[in-house]
*Asks:* 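I have a structure here, written as structure tokens, and I will follow up with some questions on it.
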There are 2 protein chains.
Amino acid sequence: MGRAPQALRSSQSGPGRPRERHVDDDILTATRELLAEVGFERLTMTDVAARAGVGRPTVYRRYPSKEALVAASVEALRRDEPAPDTGTLCGDLRAELLPRAPAFGHPLVLQFLAMLLVSNAERSEFAEVYWRDAVAQRRDAFGEILVRAQARGELAVDADVDLLTDVVAGTVIYQILRPVGARTESLEGRLERLIALLCSMLGRLERD
Amino acid sequence: MGRAPQALRSSQSGPGRPRERHVDDDILTATRELLAEVGFERLTMTDVAARAGVGRPTVYRRYPSKEALVAASVEALRRDEPAPDTGTLCGDLRAELLPRAPAFGHPLVLQFLAMLLVSNAERSEFAEVYWRDAVAQRRDAFGEILVRAQARGELAVDADVDLLTDVVAGTVIYQILRPVGARTESLEGRLERLIALLCSMLGRLERD
DNA sequence: ATGATACGTGACAAATCGTAACGTATATGG
DNA sequence: CCATATACGTTACGATTTGTCACGTATCAT
């Protein structure tokens, strides 16, 4: 019986030489940079190691595969601060979306969504996890905004919040997926106009 | 100066042995089958050639790369019949979407969208072409439905059809992208409920 | 000091892509 | 019929990348 392979032991302090602390961040940063530059396909472990200034086996000691490395590099920068309650549906949507608009346009986001879609199409075990941790979480943020609006009376009490959430989430993600060359205006500008439209549409649902 | 490389000459009849006619379809069919089964990553030219019953160079004589082969295999099955004018916005949306719902759930559609997203993220030259030929065309179908509805008076004359089209297209594509395991109901059923919701929301816009 | 582990270097097998060299088969044109 | 040109299959090849391994050295706990 060999020893446990590829154990992640960054934080435990057993016997032996401890891992260089800066190396973990160097590897993840190099991965993110290269991912944004050349994409998942053309990202090679050799390049990651070279840019991080480490040897290739050092990368493999931390992550068993290229997929795991990239997944970890993307997950490490995901932070989800809950959107503030601005008091109105329209304000909540704007507060949720507009500050994130620049991030939505970042190459890394597109790369992540592409990986997610590939995993999804391949029915990989990662697909649902990625979806739940990234996309579904944002979708639920919209859902909470709609529930608050419903509690305020901005939305009809019999409105189907689940379906409406799909409308909002779908509209937003569609803007992110759209190729840059196929956009007629800036992502921020279009998102702002779409928010206004959605507010208007959602508000009208209460007149029943 | 060598001869022109990789010329596609399926239909021209020059001197020399003509290409086996069945081979073209065999290769594209094998590609589609394998693409749906294992995805783009794990699809290999060797497997394609084996399943098509031809040698590997025969595949390369027709398509210069794996990407070109897969692109051709997917493009070959795209046909866009215009949706009929049913006389109502809701009917048009149903007629446009429900017959295609089973196709939307097919693995090949997911694979194609995943490839499109990867190309997009890598800023590949194919991204905009794929988007225009596949996604944008469907989006425009929604746009035409909305324009017809506007002409009928079902939609406010000052409604922003371009933005509304994004709402409809985004809502639909979001359902397609959602992982199977993250779905709470069948794709057809949810699409049907979303269509009803969208009809209701869009119709209310005229009360201005 | 000893043992365990991390690190870098270098080498390695396996898979895959795309190309090339052959021999054979099948068309056109004389 | 014969020459030419091309398609096809088989086999082999180089290049790239992935992931592993062996080795020597460095660094920690005990």
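Since the model is a prediction, treat every value here as computed from it, not as a measurement.
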*Asks:* Could you tell me which non-hydrogen atom of A:V135 sits nearest to which non-hydrogen atom of A:L116, and how far apart they are?
*Replies:*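 What the structure gives for the nearest pair is CG2-CD2, 3.5 Å.
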*Asks:* It should be established whether A:T58 places a side-chain nitrogen or oxygen under 4.0 Å from OP1 or OP2 of nucleotide C:dG8.
*Replies:*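 Yes, because at least one side-chain N or O of A:T58 sits under 4.0 Å from OP1 or OP2 of C:dG8.
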*Asks:* So, OP1 or OP2 of D:dA7: does either fall under 4.0 Å of a side-chain N or O from B:R61?
*Replies:* no
*Asks:* Let me know the distance between CD of B:E41 and C1' of C:dT16, rounded to the nearest Å.
*Replies:* 12 Å
*Asks:* Tell me the interatomic distance from A:Y60, atom OH, to D:dT17, atom P, rounded to whole angstroms.
*Replies:* 12 Å
*Asks:* OP1 or OP2 of C:dC7 versus the side-chain N and O atoms of A:R62: is any pair under 4.0 Å?
*Replies:* yes
*Asks:* Check the distance between C:dT16's P and B:L34's CG and give it to me in whole angstrom.
*Replies:* 12 Å
*Asks:* Determine whether the aromatic ring centres of B:Y174 and A:W131 lie less than 6.0 Å apart.
*Replies:* yes
*Asks:* In this structure, how many angstroms lie between the C1' atom of D:dA7 and the OH atom of B:Y63, rounded?
*Replies:*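 It is 15 Å, rounded to the nearest whole Å.
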*Asks:* Need to verify one output field. Residue with the more 5' nearest nucleotide on DNA chain D, A:E20 or B:G53?
*Replies:*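 Nearest nucleotide further toward 5': that of B:G53.
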*Asks:* Atom CZ of A:R56 and atom P of D:dT17: how far apart are they, to the nearest Å?
*Replies:* 10 Å
*Asks:* Show your reasoning for whether salt bridge (charged side-chain N to carboxylate O under 4.0 Å, His left out) applies to B:D26 and B:R51.
*Replies:* CA-CA 8 Å; B:D26 290 350; B:R51 182 169 298 206; over 6 Å; no
*Asks:* Rounded to the Å, how far apart are A:H22 NE2 and D:dT27 P?
*Replies:*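 So the two atoms are 11 Å apart, to the nearest Å.
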*Asks:* Hey, does B:L43 reach any base, or is it just sugar-phosphate, or nothing, if we go heavy atoms under 4.0 Å?
*Replies:*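 Counting heavy atoms under 4.0 Å across all strands, the contact made by B:L43 is with sugar-phosphate only.
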*Asks:* Has B:R17 got a side-chain N or O lying under 4.0 Å from the OP1 or OP2 atom of D:dA5?
*Replies:*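 So the side chain of B:R17 is outside the cut-off, no N or O lying under 4.0 Å from OP1 or OP2 of D:dA5.
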*Asks:* Decide yes or no on salt bridge (charged side-chain N to carboxylate O under 4.0 Å, His left out) for A:R178 and B:D166, but give the supporting numbers first.
*Replies:* CA-CA 10 Å; A:R178 195 175 217 171; B:D166 273 12; 3.1 Å; yes
*Asks:* Between C:dA6 atom C1' and A:R19 atom CZ, what is the distance in whole Å?
*Replies:*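 Result: 8 Å.
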*Asks:* Please determine whether the number of non-hydrogen atoms from other residues, nucleotides or ligands lying under 6.0 Å from atom CZ of A:R148 exceeds 12.
*Replies:* yes
*Asks:* Rounded to the nearest angstrom, tell me the gap between atom CZ in A:R21 and atom P in C:dA6.
*Replies:* 15 Å
*Asks:* Mapping A:P57 and A:T46 onto DNA chain D by nearest heavy atom, which one lands closer to the 5' end?
*Replies:* A:T46
